[in-house]
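The structure under discussion appears below in the form of structure tokens.
None of these values were measured; they are calculated from a predicted model.
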Amino acid sequence: MSKSSPAEQEFLESKLEKALDDAWSKVNIALDKTTKSSADVAMGIWFAAEALEYSSLLFNLTYALEDVKAVVKLRKGEAPLVLVKDSMELLKQVREGRHGSTTDAYVNLRTAADYLKVAHLDQVKKSTKKRG
């Protein structure tokens, strides 16, 4: 746990809770856009990835995980819909079980964010090919 005062810890945890809720909302929007093949799929995924990055940063600060290195095996070539769904599942696990192993929850957050970045880049490549 962090060496911050109880008041600081409570403040960080409340900010983290809000960030995780925001990330959940944005991942749901990204999933909806990806499922419907919306014109702005890439942007929706990007917003979700950014929300997860922010949540990851707050999680790291809240639980003093500076020394934890999340090793993520990138899944290039995977369908964006699968990556978004897998990110959602990882985020769900974090939201439901973050008071268990904070290290595992942090690694899940990092993994979810990285999956969304790969999905975003894949969508950008697809839209660039359509224009070209």
Side-chain angles (χ1 to χ4, degrees):
M1 269 290 182
S2 174
K3 295 179 183 176
S4 57
S5 73
E8 290 172 323
Q9 189 67 28
E10 187 177 323
F11 174 77
L12 286 171
E13 286 180 1
S14 75
K15 289 291 188 188
L16 175 60
E17 191 69 35
K18 288 176 186 168
L20 289 171
D21 288 345
D22 183 54
W24 180 255
S25 173
K26 288 180 178 166
V27 171
N28 274 288
I29 291 168
L31 178 62
D32 185 56
K33 288 179 185 249
T34 306
T35 303
K36 294 178 180 174
S37 296
S38 173
D40 55 351
V41 172
M43 190 60 70
I45 294 171
W46 184 78
F47 285 141
E50 287 299 309
L52 278 170
E53 286 290 342
Y54 179 67
S55 296
S56 172
L57 170 68
L58 281 175
F59 202 95
N60 187 315
L61 293 171
T62 302
Y63 299 111
L65 298 171
E66 295 84 19
D67 296 334
V68 175
K69 300 292 181 231
V71 179
V72 178
K73 183 179 180 238
L74 293 180
R75 295 166 43 186
K76 293 184 180 188
E78 190 85 48
L81 180 59
V82 171
L83 292 169
V84 172
K85 283 182 177 179
D86 289 352
S87 293
M88 178 176 269
E89 183 57 37
L90 289 167
L91 181 56
K92 181 180 177 186
Q93 290 173 21
V94 170
R95 293 177 76 211
E96 291 173 353
R98 72 184 168 113
H99 300 294
S101 169
T102 54
T103 303
D104 289 347
Y106 177 68
V107 169
N108 284 346
L109 263 180
R110 294 293 329 131
T111 302
D114 287 350
Y115 285 175
L116 288 178
K117 284 190 269 184
V118 169
H120 169 73
L121 291 173
D122 185 62
Q123 285 298 317
V124 168
K125 285 179 190 172
K126 284 181 183 177
S127 66
T128 304
K129 284 181 183 176
K130 287 180 185 176
R131 284 187 234 142

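Note that CG of Asp86 is 11.5 Å distant from CG of Asn108, once rounded to the nearest 0.5 Å. How far OG of Ser55 is from CG of Asp22: 7.0 Å, rounded to the nearest 0.5 Å. Between the CD atom of Gln93 and the OG1 atom of Thr111 there is a distance of 10.0 Å, given to the nearest 0.5 Å. For the atom pair CD of Gln123 and OG1 of Thr34, the computed distance is 6.0 Å after rounding to the nearest 0.5 Å. Expressed to the nearest 0.5 Å, how far CG of Leu61 lies from CD of Gln9 amounts to 10.5 Å. To the nearest 0.5 Å, atom OG1 of residue Thr102 and atom CG of residue Leu65 are 5.0 Å apart.
Follow the hydrophobic side-chain contacts under 4.5 Å out from Val124 and you never reach Phe47; the two are in separate clusters. Linking Ile, Leu, Val, Met, Phe, Trp and Tyr whenever their side-chain heavy atoms come within less than 4.5 Å leaves Val118 and Val82 in two separate clusters. Trp46 and Tyr54 are members of different hydrophobic clusters when ILVMFWY side chains are connected at heavy-atom separations under 4.5 Å. Leu31 and Val41 fall within a single hydrophobic cluster, where Ile, Leu, Val, Met, Phe, Trp and Tyr are joined by side-chain heavy atoms under 4.5 Å apart, directly or via other members.
For Asp122, the salt bridge (charged side-chain N to carboxylate O under 4.0 Å, His left out) test picks out Lys126, with sequence neighbours left out. Scored by the side-chain contact (heavy atoms from CB on, under 4.5 Å) test, Glu66 finds Asn60, Ala64 as partners (sequence neighbours excluded). Residues passing the side chain to side chain donor-acceptor pair (under 3.5 Å) test with Glu50: none are found, sequence neighbours excluded. Shown here are the ring-ring contact (aromatic ring centres under 6.0 Å, His included) partners of Tyr115, two or more places apart in sequence or in another chain: there are none. Legend: residues meeting side chain to side chain donor-acceptor pair (under 3.5 Å) with Asp40, ordered by chain and number and at least two apart, are Lys33, Ser38. Residues satisfying the side-chain contact (heavy atoms from CB on, under 4.5 Å) criterion with Ala70, sequence neighbours excluded, are Val107, Arg110. Shown here are the side-chain contact (heavy atoms from CB on, under 4.5 Å) partners of Asp32, two or more places apart in sequence or in another chain: Lys36. In this view, Lys117 and Glu53, Asp114 satisfy the salt bridge (charged side-chain N to carboxylate O under 4.0 Å, His left out) rule, not counting sequence neighbours. Applying the salt bridge (charged side-chain N to carboxylate O under 4.0 Å, His left out) test to Glu17 and every residue at least two apart in sequence or in another chain returns Arg98. By the side chain to side chain donor-acceptor pair (under 3.5 Å) test, Glu89 is found to be paired with no residue, residues two or more places apart in sequence or in another chain being considered. Here Asp104 pairs with Ser101 under the side-chain contact (heavy atoms from CB on, under 4.5 Å) rule; sequence neighbours left out.
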List the steps and the verdict of side chain to side chain contact (heavy atoms under 4.5 Å, CB included) for Leu81 and Thr35. CA-CA 7 Å; Leu81 180 59; Thr35 303; 3.7 Å; yes
Give the C-alpha distance, both sets of side-chain angles, the deciding distance and a yes or no for side chain to side chain contact (heavy atoms under 4.5 Å, CB included) between Tyr63 and Leu16. CA-CA 10 Å; Tyr63 299 111; Leu16 175 60; 3.7 Å; yes
Could you please spell out the steps behind the side chain to side chain contact (heavy atoms under 4.5 Å, CB included) verdict for Ile45 and Val27? CA-CA 7 Å; Ile45 294 171; Val27 171; over 6 Å; no
Checking Lys26 against Leu52 for the side chain to side chain contact (heavy atoms under 4.5 Å, CB included) test, could you report, in this order, the C-alpha distance in whole Å, the side-chain angles of both residues, the deciding distance, and whether it holds? CA-CA 9 Å; Lys26 288 180 178 166; Leu52 278 170; over 6 Å; no
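Taking a 4.5 Å side-chain heavy-atom cut-off between Ile, Leu, Val, Met, Phe, Trp and Tyr, the cluster of Ile29 contains only that residue.
Contact record, Met88 with Asn28: CE-OD1, 2.9 Å, taken as the closest heavy-atom pair. Minimum interatomic distance between Ala112 and Leu90 (heavy atoms only, all atoms of both residues): N-CD1, 3.8 Å. Nearest heavy-atom pair, Leu83 versus Ala119, reported as atom, atom and distance to 0.1 Å: CD1-N, 3.8 Å. Smallest separation of non-hydrogen atoms from Leu116 and Ser87: CG-OG, 3.5 Å. When all heavy atoms are compared, the tightest approach of Ala51 to Ala23 is CB-CA, 3.7 Å.
In this structure, Trp24 and Leu20 have side chains that are not in contact, with every pair of non-hydrogen atoms separated by 4.5 Å or more.
Within a 6.0 Å sphere centred on CD of Glu78, heavy atoms belonging to other residues, nucleotides or ligands number more than 12.
Between Phe59 and Tyr106, the ring-plane angle classifies as parallel under the 30° and 60° cut-offs.
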